[in-house]
Amino acid sequence: MKYILPAVVFLLLSCNKQNLSGSKTTETYETVLSQANEAYERDNFKLAAEKYNAVLEIDSLNAEAFYRRAFSKVKLDDFESAAKDYHRAAELGFRLADCYHNLGLIYMIAFQNHEKAHFYLKKGYKLNPTVDNKELMELAEEELLKAQKKSGS
């Protein structure tokens, strides 16, 4: 019983503090998100990535911010970070076919990992079976077979 009262007081104070600062946080979030989106649309990917960092500090479940930051990171040749962000966007269920397609391209081109490239391109193709996606998946499969033959001989 003696622990209940302090817990209730703590909860009340926490809620009160959030109410006081909530509108400022929302305003700041909306401003930073707007700045991030504007930089992204203007192809200023360095600034966009920085602003999406700030957005994700406030809202770590913003899948579109992960996706756009990933694209920005690709444009900045930061493929490790881009892959992590595409993975996170996919975990959150955002544009799955595109996330897998882009991951496949990163693994194929930047990392030269044909096994993972084929895996992700195949996942993307299953979700969005276009001719272009099929051709990329088949290319990754060919490269994977070449690599396997080379390592086997």
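Computation of the quantities below employed the complete heavy-atom set of this structure, encompassing side-chain atoms and omitting hydrogens, waters and symmetry-equivalent molecules. Nothing fancy with the numbering, it's 1 onward along the sequence. Predicted, not measured: the structure shown is a model, and the values here were computed from it.
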Peer 1: Give, for atom NZ of Lys122 and atom OH of Tyr125, the distance between the pair rounded to the nearest 0.5 Å.
Peer 2: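 Lys122 atom NZ to Tyr125 atom OH measures 11.0 Å (nearest 0.5 Å).
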
Peer 1: Please give me the minimum heavy-atom distance between Phe45 and Tyr40, naming the atom from each residue.
Peer 2: CE2-O, 3.9 Å

Peer 1: Does a side-chain N-to-carboxylate-O contact under 4.0 Å join Glu80 and Lys84?
Peer 2: no

Peer 1: Going hydrophobic residue to hydrophobic residue with side-chain gaps under 4.5 angstrom, can you get from Phe119 over to Met137?
Peer 2: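 As far as the 4.5 Å side-chain criterion goes, Met137 and Phe119 are not connected within one cluster.
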
Peer 1: How close do Ala54 and Val32 get, counting heavy atoms only, and between which atoms?
Peer 2: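 Taking Ala54 first and Val32 second, the nearest heavy atoms are CB-CG1, 3.6 Å.
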
Peer 1: Does the side chain of Met108 reach to within under 4.5 Å of the side chain of Leu136, using non-hydrogen atoms?
Peer 2: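 They are in side-chain contact.
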
Peer 1: Do Leu61 and Phe66 sit in one hydrophobic cluster, given that two such residues count as connected whenever their side-chain heavy atoms are within less than 4.5 Å of each other, even indirectly?
Peer 2: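 Cluster IDs for Leu61 and Phe66 match.
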
Peer 1: Checking side chain to side chain contact (heavy atoms under 4.5 Å, CB included) for the pair Lys146/Glu143: CA distance, chi angles, key distance, verdict?
Peer 2: CA-CA 5 Å; Lys146 284 181 195 175; Glu143 293 298 321; 3.5 Å; yes

Peer 1: Of all the heavy-atom pairs spanning Glu41 and Arg68, show the shortest one and how long it is.
Peer 2: OE2-NH2, 3.1 Å

Peer 1: How close do Ala63 and Leu92 get, counting heavy atoms only, and between which atoms?
Peer 2: CB-CB, 3.6 Å

Peer 1: What about Val74 and Leu96, same hydrophobic cluster or not, with Ile/Leu/Val/Met/Phe/Trp/Tyr joined at side-chain heavy-atom distances under 4.5 Å?
Peer 2: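 Yes, because Val74 and Leu96 connect within a single hydrophobic cluster, where side-chain heavy atoms sit under 4.5 Å apart.
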
Peer 1: Can you find a pair of side-chain heavy atoms, one from Lys116 and one from Phe111, that are under 4.5 Å apart?
Peer 2: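 Of all side-chain heavy-atom pairs linking Phe111 with Lys116, none is under 4.5 Å.
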
Peer 1: Given the rule in the side chain to side chain contact (heavy atoms under 4.5 Å, CB included) test, do Lys123 and Lys126 qualify, once you have shown the distances and angles that lead to the verdict?
Peer 2: CA-CA 5 Å; Lys123 282 180 87 163; Lys126 285 181 179 179; 5.9 Å; no

Peer 1: Tell me the closest heavy-atom pair linking Leu121 and His101, and the distance in Å.
Peer 2: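 Looks like CD2-O, 3.6 Å.
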
Peer 1: Under the 3.5 angstrom rule, does the side chain of Asn133 hit a backbone N or O of Asn128 as a donor-acceptor pair?
Peer 2: yes

Peer 1: Rounded at 0.5 Å granularity, tell me how far CD1 in Ile106 sits from CZ in Phe79.
Peer 2: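 It comes to 7.0 Å.
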
Peer 1: So, taking the atom named CD in Glu142 and the one named NE2 in His114, what distance separates them when rounded to the nearest 0.5 Å?
Peer 2: 11.5 Å

Peer 1: From Asp59 CG over to Leu33 CG, what is the distance, rounded to the nearest 0.5 angstrom?
Peer 2: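 These two atoms lie 9.0 Å from each other.
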
Peer 1: Same cluster or not: Ile109 versus Tyr86, using hydrophobic residues (I, L, V, M, F, W, Y) connected whenever any side-chain heavy atoms lie under 4.5 Å apart?
Peer 2: no

Peer 1: Minimum heavy-atom separation for Ala49 to Lys73, with atom names?
Peer 2: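 Nearest pair, atom of Ala49 first, then Lys73: CB-CE, 4.0 Å.
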
Peer 1: Grouping I, L, V, M, F, W and Y whenever their side-chain heavy atoms are under 4.5 Å apart, do Phe71 and Phe94 come out in a common cluster?
Peer 2: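 Linked, Phe71 and Phe94 end up in one cluster.
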
Peer 1: Say you draw a straight line from CG of Leu139 to CG of Leu144; how long is it, rounded to the nearest 0.5 Å?
Peer 2: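 Result: 11.0 Å between the selected atoms.
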
Peer 1: Yes or no on side chain to side chain contact (heavy atoms under 4.5 Å, CB included) for Tyr100 and Leu105, after CA distance, side-chain angles and deciding distance?
Peer 2: CA-CA 9 Å; Tyr100 294 141; Leu105 291 175; over 6 Å; no

Peer 1: What is the distance from atom CG of Asn102 to atom CG of Asp85, rounded to the nearest 0.5 Å?
Peer 2: 12.0 Å

Peer 1: Has the side chain of Ser151 got a donor or acceptor atom that lies under 3.5 Å from a matching backbone atom of Ala147?
Peer 2: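 Flag set: sc Ser151 to bb Ala147 pair under 3.5 Å.
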
Peer 1: How are the rings of Tyr120 and Tyr107 set to each other: parallel, tilted or perpendicular (split at 30° and 60°)?
Peer 2: parallel

